[in-house]
Amino acid sequence: MDDINLHYRFLNWRRRIREIREVRAVRYRERFKKIQRNGDILRYQGNSDEVGCYVAPRPVSKGNCYFEVTIIDTGVRGMIAVGLVPQHYKLDHQPGWLPQSVAYHADDGKLYNGNTVGQQFGPKCNRGDRIGCGIYIDPVNEGQITVFFTKNGKEVGNVEIARPPEGLYPALGMHSLGEEVQLDLHAEWRKEEEDGMMIVDSHEDDWGRLHDVTVTGMLLEYVGKGKSIVDVGLAQARWPLNTHCHYYELEIMNAGEKCYIALGLARRDYPKDRHPGWSRGSIAYHADDGKMFHGSGLGDPFGPRCIEGDIMGCGIMFPRDYNQDSGDDMEDWEPDTQPKYSQVRNDLYANNDEDEEDGEEPEGRKVMVFFTRNGKIVGRREVALPLGGFYPTVGMMSTGEKVRVELHPLSG
C-alpha cells in the first residue's frame, strides 16, 4: 500500500513540475507589436499612426538591474521611448503613458510617469546616443523602487515609483518610420563613489583604426560615399589575433546597396582605402562574390556568397609550437606612430599591385587562416604572418552597409 501511495505521490510531483515549467515558459516570453526584431536590432514596422512597443521576457531584478538602447536611426521624428512597464502592458501605448510604467522619451527629453503628459527631465537624444534604464532596490521599503536613466553612460536623473507585484519589465517604444535601435538587455554598469560617473560596457576601445566607419556598441556602419573602389570604409581591431584569441565573427545586419562587405586579416599599417585582401599583407573573404582575396585585386573562387543575416567568421590555426613574439605585445597604439621597416614604403602602391612586390617587408612563420559561414568552415589558406601579426579587419564599400562584430565569440 505504501508503495502505491509513493508511486502516486511521485506522479503528482512530476505533474506539478510540468505545470510550473509551462507557466514559466508563458511568463518569460518577449512581447512586441509593430516592431521587427533581428537579433538585438529592433526596427519600427508601423505607419506612424500606430505605436510600436517591445516588452522584454524577464523583469529587472537585483542581479539584472540595468539595460541599454542605442539609437541607430531616429527615423522621421525620433519618437523612441525607453523605460519599464508591467508584464501585461498594452503594446499600442508608448512606455510611460499608462499607470505603473515610466519612460524617458528621446524626442523631447521628457519623463513620462504613468501619464500621457511628460515632465521635463533631460536632454533630447539623437542618432548614436545610448539611453540606459536601471533600478536601485530599497531593502527597507520593498513596495517602492527607484528608477534611473542614463544618456551615454552618465546618469540623467531618477524617480521613485510603486513596485508592481509581478515586477517591472524593460520596454522600448517607437512611433515613426525609419526608427531603428540596438537593444542590450545585459549591459553592465557601476557607479563610481567619487564623481558619480556611470561606467557602461562599451566596445569602442576594441578598434585601433576607423575610416569612413562609425561604431555603435558592437555595430559597425559604413558612412563613406560608396561611389568608387577608393571609397572603402575600413575598421581594424586594436590587437592582432593570437593563441588566446584566434577567431572573430561578423553578422551582416544590412547588406546595403551591393553588400561589398569583406571580412579578413591585415597587417597593422594596411592602407585605409583598400579592401581587405586587395593589398600585400592581407587576406579576406568577400561577401558579394564569395571569393577569397589574398594580397591581390583578383580574387579566387572560394565559397558561397553571403547576404543579410549571415554570420561570417575568420580565424588562425597557430602551430602547436608557436610562441607569441615578445616584441608584439598587444598594447594600445596610435595610427600615427607606425613601426618603421628597413624598406621604404611608397603610398602610391595602393593602385598598383606590382609595386608592392618591390617593398615587401619581413614576414613571420606560416599559419593556417580559415573562414566560416554560419558556423561551418568554408575553406582555409596557408599564409605567412606579417611582422607584428594579423589584425582583424573589416571592409565595407556601399551605402547602407551595417555589420555586428564579435571580436571574442569564443570567450566566456
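Remember, predicted model here, so these are calculated numbers, not experimental data.
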Distance, nearest 0.5 Å, that separates CD1 of Ile311 from CZ of Arg373: 11.0 Å
Parallel, tilted or perpendicular: rings of Phe302 and Phe371 (30°, 60°): perpendicular
Trace of the salt bridge (charged side-chain N to carboxylate O under 4.0 Å, His left out) decision for Arg404 with Asp40: CA-CA 10 Å; Arg404 183 179 183 272; Asp40 57 0; 2.9 Å; yes
is_close_aromatic(Phe370, Tyr247), centroid dist under 6.0 Å: yes
CG-CD1 distance between Leu183 and Ile72, expressed to the nearest 0.5 angstrom: 10.5 Å
CG on Asn158 to SG on Cys133, rounded to 0.5 Å: 11.0 Å
Under 3.5 Å: donor-acceptor pair, side chain of Thr372, backbone of Ile377: no
Audit row: Asp300, Arg381, salt bridge (charged side-chain N to carboxylate O under 4.0 Å, His left out) steps and yes/no: CA-CA 11 Å; Asp300 299 323; Arg381 176 73 62 87; 3.6 Å; yes
Atom pair CG/OH of Leu241 and Tyr391 - distance to nearest 0.5 Å: 10.5 Å
Main-chain N/O of Arg268 paired with Arg209 side-chain donor or acceptor, under 3.5 Å: yes
Passing candidate, side chain to side chain contact (heavy atoms under 4.5 Å, CB included) with Cys314, options Val394, Leu250, Val369: Val369
Test item: Arg77 side-chain N/O and His175 main-chain N/O as donor-acceptor pair under 3.5 Å: yes
Ring geometry between Phe148 and Tyr66 (parallel below 30°, tilted from 30 to 60°, perpendicular above 60°): parallel
